[in-house]
2 protein chains.
Amino acid sequence: MNSNRDTKIHGNQKRKTVEQRRQDILEAGLKIFAKKGYNGSTTAEIARAAGVAEGTIFRHFPTKKDLLIAVLEPKVLEGLIQLDKEHVGDTPTEFFRCFLWNRLGLIKENDALIRLMFAEAQYHSEVREALFKGVLGQGISIIRPWFEKGVERGDFKDLPFLPTMRSFMGMVMFYGLFGHVMLGLSPERTMDEAAGNILDLFLHGLAR
Amino acid sequence: MNSNRDTKIHGNQKRKTVEQRRQDILEAGLKIFAKKGYNGSTTAEIARAAGVAEGTIFRHFPTKKDLLIAVLEPKVLEGLIQLDKEHVGDTPTEFFRCFLWNRLGLIKENDALIRLMFAEAQYHSEVREALFKGVLGQGISIIRPWFEKGVERGDFKDLPFLPTMRSFMGMVMFYGLFGHVMLGLSPERTMDEAAGNILDLFLHGLAR
DNA sequence: AATTTTAATGAGTGATTACTCACTTATAGA
DNA sequence: TCTATAAGTGAGTAATCACTCATTAAAATT
């Protein structure tokens, strides 16, 4: 009756929803994978972190690799959709400011996930494809019309799109991605400040 | 007499130098580690690729991890020293052109190594430190005086050094590092062209 | 309440792993 | 040439791993 959702009462033991358990496992998977990498993580440890038996993992995900994919895929698209709904600015320059802000926020919140994705993309073609289509590819297809509009309006120079974007992506990715590798190297106090620095350089360059 | 180097003759069997064997193992280690990551590689496979018995690896390197470190460390510094000896330009702008060219070359030649280093830096603090001190840290200390000179001469704006460098590094790193992730996304035909694009953007920005 | 269906469990399994060590082989020195 | 030493070998080992499956427990259905 009140059945398939919520699943409680009756016995003195209650049980989490299937979906809740799945989420627990995904969350634990992300945590452990991010900390130790795919091959460095064991299903036993993930199970422990999720508070389930090891066998339970394999009831939800056929293999360890399927778990990895499941951990990465949905998150990849999450942030992109976000951008569509947000205010995105009216001018191309304004768009870049919004986009940059949005990405820096995403990177800061999901840095473990993103580093994991870049690391594992080297070894698993499925991850590589998800990364490409989801993050980089989509990012580029969102930017492109604004870039072209900027060139048409005379706001931007007529630089080659893809190389310019690769550099832009590099600036953005490097911000959060390797912040922990660079240690205390980035003295900005706020994300605003960081975004300002990046955007200023991207738009106007270093030369006087 | 002619002894300790070259080590041949006498028996009908000759043997490689200790140093040669070491190099074989290091080379094979790089190849396999780069392809499969540290935890995804087995010492058996590395031994096979090096043409030695598995036990031989452990005669040269106490543990698998020591092999990883040995693979990464020397290469890290190699390219930096290179720069000191090369012509580096007279003006700050010229210096950046040379530095960029040098780095792009290094990245293109050692992309497997560099990707491996960034991937493993997340999981091994020794690698992280080597990466930081060797590549990023040194790179920054080479650049700094030129950057400051450029600001003094009025060639450059007075932008904050570290955030600007982080962006620059990002542009450079992203070039080769994720070329294979970005697939055919970067349509430059030559490294010259790529360097030109990056430098142009870095110096003058996108805005008109 | 009784029964069926679905979910969770964790000890067990075969495969794989980094590393060892007793032994062989080549080289250096006499 | 003969011997002592250094280098190389690979079968063996204990540990670990992803994954299975017979058993138990809860939820849904009757």
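What you see is a predicted model, and the numbers here were worked out from it, not measured in a lab. Values reported hereafter were calculated over all heavy atoms of this structure, with side chains retained and with hydrogens, waters and symmetry mates removed.
- Rounded to a whole Å, the CG atom of A/D66 is 14 Å from the P atom of D/dA18.
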Output one line per pair: protein atom, nucleotide atom from nucleotides 4-6 of chain D, and distance, for all N/O pairs under 3.5 Å.
none

Take A/D200 and B/L159, measure what side-chain contact (heavy atoms from CB on, under 4.5 Å) needs, and give me the verdict at the end. CA-CA 9 Å; A/D200 189 40; B/L159 299 182; 3.5 Å; yes
Strictly under 4.0 angstrom, non-hydrogen atoms only: write out the protein contact profile of nucleotides 16-23 of chain C, one letter per nucleotide from the 5' end, B, S or -. -SBBB-B-
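- Between the CD atom of A/Q20 and the P atom of D/dA26 there is a distance of 17 Å, rounded to whole Å.
- Within the structure, the side-chain hydrogen bond (donor to acceptor under 3.5 Å, both in side chains) test picks out the following pairs touching residues 31-41 of chain B (sequence neighbours left out): B/K36-B/E45.
- Following rounding to the nearest Å, A/R22 (CZ) and C/dA7 (P) show an atom-to-atom distance of 13 Å.
- A straight line from NZ of A/K36 to C1' of D/dC17 spans 14 Å, rounded to a whole angstrom.
- For A/F61 and D/dT20, the CZ to C1' distance is 18 Å, given to the nearest whole Å.
- Summarising the geometry of A/I46 relative to A/A28, their closest heavy-atom pair is O-CB, 3.6 Å, with the distance given to 0.1 Å.
- For the side chain to side chain contact (heavy atoms under 4.5 Å, CB included) test, residues two or more places apart in sequence or in another chain that qualify with A/E129 are A/S125.
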Per-pair distances, 0.1 Å, donor-acceptor, side chain in residues 143-151 of chain B, under 3.5 Å, sequence neighbours excluded:
none

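- Within the structure, ring pair (Phe, Tyr, Trp, His ring centres under 6.0 Å) pairs that include any residue of residues 45-69 of chain A do not occur (at least two apart or interchain).
- The distance from atom CZ of A/F33 to atom C1' of D/dA18 is 11 Å, rounded to the nearest whole Å.
- A salt bridge does not link B/R48 to B/E54: none of the charged nitrogens lies less than 4.0 Å from a carboxylate oxygen.
- Between the CD1 atom of A/I32 and the P atom of D/dA18 there is a distance of 12 Å, given to the nearest Å.
- When the C1' atom of D/dA7 is taken as reference, atom CD of B/E19 falls 14 Å away, rounded to whole Å.
- Within the 4.0 Å cut-off from OP1 or OP2 of D/dA7, not a single side-chain nitrogen or oxygen of B/H60 is found.
- For the residue pair A/E19 / A/Q23, a side-chain donor-acceptor distance below 3.5 Å is found, with atom types taken as modelled.
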